[in-house]
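Notes follow once the structure below has been shown.
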Number of protein chains: 2
Amino acid sequence: MSNALSAIERFSRYPLGESQSVHCPVRDVLDRIGDKWSMLMIMALAMRPHRFSELHRAVHDISKRMLTQTLRDLERDGLITRHVFPTKPPSVEYRLAPLGQSLLDPMAGLIDWADRCHGDIHAARARFDATHGDVPRQVFPARSKVPPVHKKMA
Amino acid sequence: MSNALSAIERFSRYPLGESQSVHCPVRDVLDRIGDKWSMLMIMALAMRPHRFSELHRAVHDISKRMLTQTLRDLERDGLITRHVFPTKPPSVEYRLAPLGQSLLDPMAGLIDWADRCHGDIHAARARFDATHGDVPRQVFPARSKVPPVHKKMA
DNA sequence: CAGAATCCTCATTGATACTG
DNA sequence: CAGTATCAATGAGGATTCTG
């Protein structure tokens, strides 16, 4: 539980700010799996190869548009591979590339953490909401300016 | 490199789709650290406590608005704590809560992965772009409909 | 200094219709 | 089936201004 610091410190040699994710590994990884669907895709494909529709059914609250785009980005980054079988109708299978496999362990660590801690998190959240429910942080009397009429009126 | 599957499978017992991040640990963790700044904050605070402005300088391409909001969310979830020193001018210090500490190891695993693999990823990306540069996926002749004039014309 | 409040823009996503 | 193309809506995030 302390070798984490080594990674943190190694990371901290980067500017940490302003880097356009070119040098900063944190932003790099977040841009890759931090989006809404990539990690779900990786998870599904970790079990076994899936066809397009299978993935759609597995996640089923993703739109076809985002499914296509997410898979395309993952393929582009070399995390998954795409195999087209020229049947009729066509059938396309996606599988985890070795690079994607190498991501499974780090991801599993994160999932384990989420599993262990989501209870504490929800508890903390409930506590926070109960405490700071009102009184946001400081109390600004909200000097009356203009009545909040704020409609763009097409 | 195989105990990852245990986590994956444990995860796969969840519906995987449609869950509003209430039951799905993957979405849970992504909603928490998958945003643009949370992980950076955790990293910075992993080294030592920081004051508001210190964090702003450390990241310095975050706006004060997002800095405030991100810190607030992290505090709400119990990952960091906030200590107000009633000096003049006020000074507020943020530190990692135990719950936040527990996240360091999983995060470090991810950072390590990013460090090791971003080279391969960029290579794969360049390869993909060179290959599929045009010819997106299938070749649709793009039946001429309307010229792509598509400006909202305020 | 450490935020809050307001406004506004653009990127991400969803919905729909179409195709080989 | 496995996408593509287009449009519409949402929401995250930035810029600015104000306060104790």
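FYI, side chains are in, hydrogens and waters are out, and symmetry mates aren't considered; it's all heavy atoms of this structure. Proteins get letters first, then strands, A, B, ... in listed order; numbering begins at 1 in each.
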### Query
B/Lys88 NZ to C/dG3 P: how many Å, rounded?
17 Å

### Task
Consider the side chain of A/Arg51, meaning its heavy atoms from C-beta on, and name the nucleotide among C/dG3, D/dG3, D/dC1 that approaches it most closely.
D/dC1

### Task
Kindly indicate whether the side chain of A/Phe52, heavy atoms from C-beta on, has any atom under 4.5 Å from the side chain of A/Lys64.
yes

### Task
Take atom CG of A/Leu74 and atom C1' of D/dG3, then tell me their distance rounded to the nearest Å.
16 Å

### Task
Return the set of residues passing salt bridge (Lys or Arg N to Asp or Glu O under 4.0 Å) with A/Arg125 (not counting sequence neighbours), or none when no residue passes.
B/Asp77

### Message
Salt bridge check, B/Arg27 against A/Asp61: does any charged N sit closer than 4.0 Å to a carboxylate O?
### Response
yes

### Task
Apply side chain to side chain contact (heavy atoms under 4.5 Å, CB included) to A/Leu74 and list each qualifying residue two or more places apart in sequence or on a separate chain.
A/Ser38, A/Met41, A/Ile42, A/Thr70, A/Leu79, A/Ile80

### Task
To the nearest Å, give me how far apart CG (A/Leu71) and P (D/dT4) are.
11 Å

#### Entry: Between C/dA15 (C1') and A/Ile62 (CD1): distance, integer Å
14 Å

### Query
Whole-Å distance between D/dC1 P and A/Glu93 CD?
16 Å

#### Entry: Pairs satisfying salt bridge (Lys or Arg N to Asp or Glu O under 4.0 Å), at least one member in residues 44-58 of chain B, at least two apart
B/Arg48-B/Glu54

Hey, what are the protein-to-nucleotides 11-13 of chain C N/O distances that come in under 3.5 Å?
none

### Query
Choosing from C/dG3, C/dG20, C/dC1, which nucleotide comes nearest the side chain of A/Pro90?
C/dG20

### Message
Output the rounded distance in Å from NZ (B/Lys64) to P (D/dA12).
### Response
22 Å

### Summary
Residues passing the salt bridge (Lys or Arg N to Asp or Glu O under 4.0 Å) test with B/Asp112, sequence neighbours excluded, are A/Arg10

### Query
Considering residues at least two apart in sequence or located in another chain, which fulfil the side chain to side chain contact (heavy atoms under 4.5 Å, CB included) criterion with B/Ala124?
B/Arg127

### Task
Rounded to the nearest angstrom, tell me the gap between atom CE in B/Met41 and atom C1' in D/dG13.
14 Å

### Message
From CG of B/Asp61 over to P of D/dA12, roughly how many Å is that when rounded to an integer?
### Response
19 Å

### Message
Side-chain N or O of B/Tyr94 versus OP1/OP2 of C/dG3: is the shortest distance under 4.0 Å?
### Response
yes

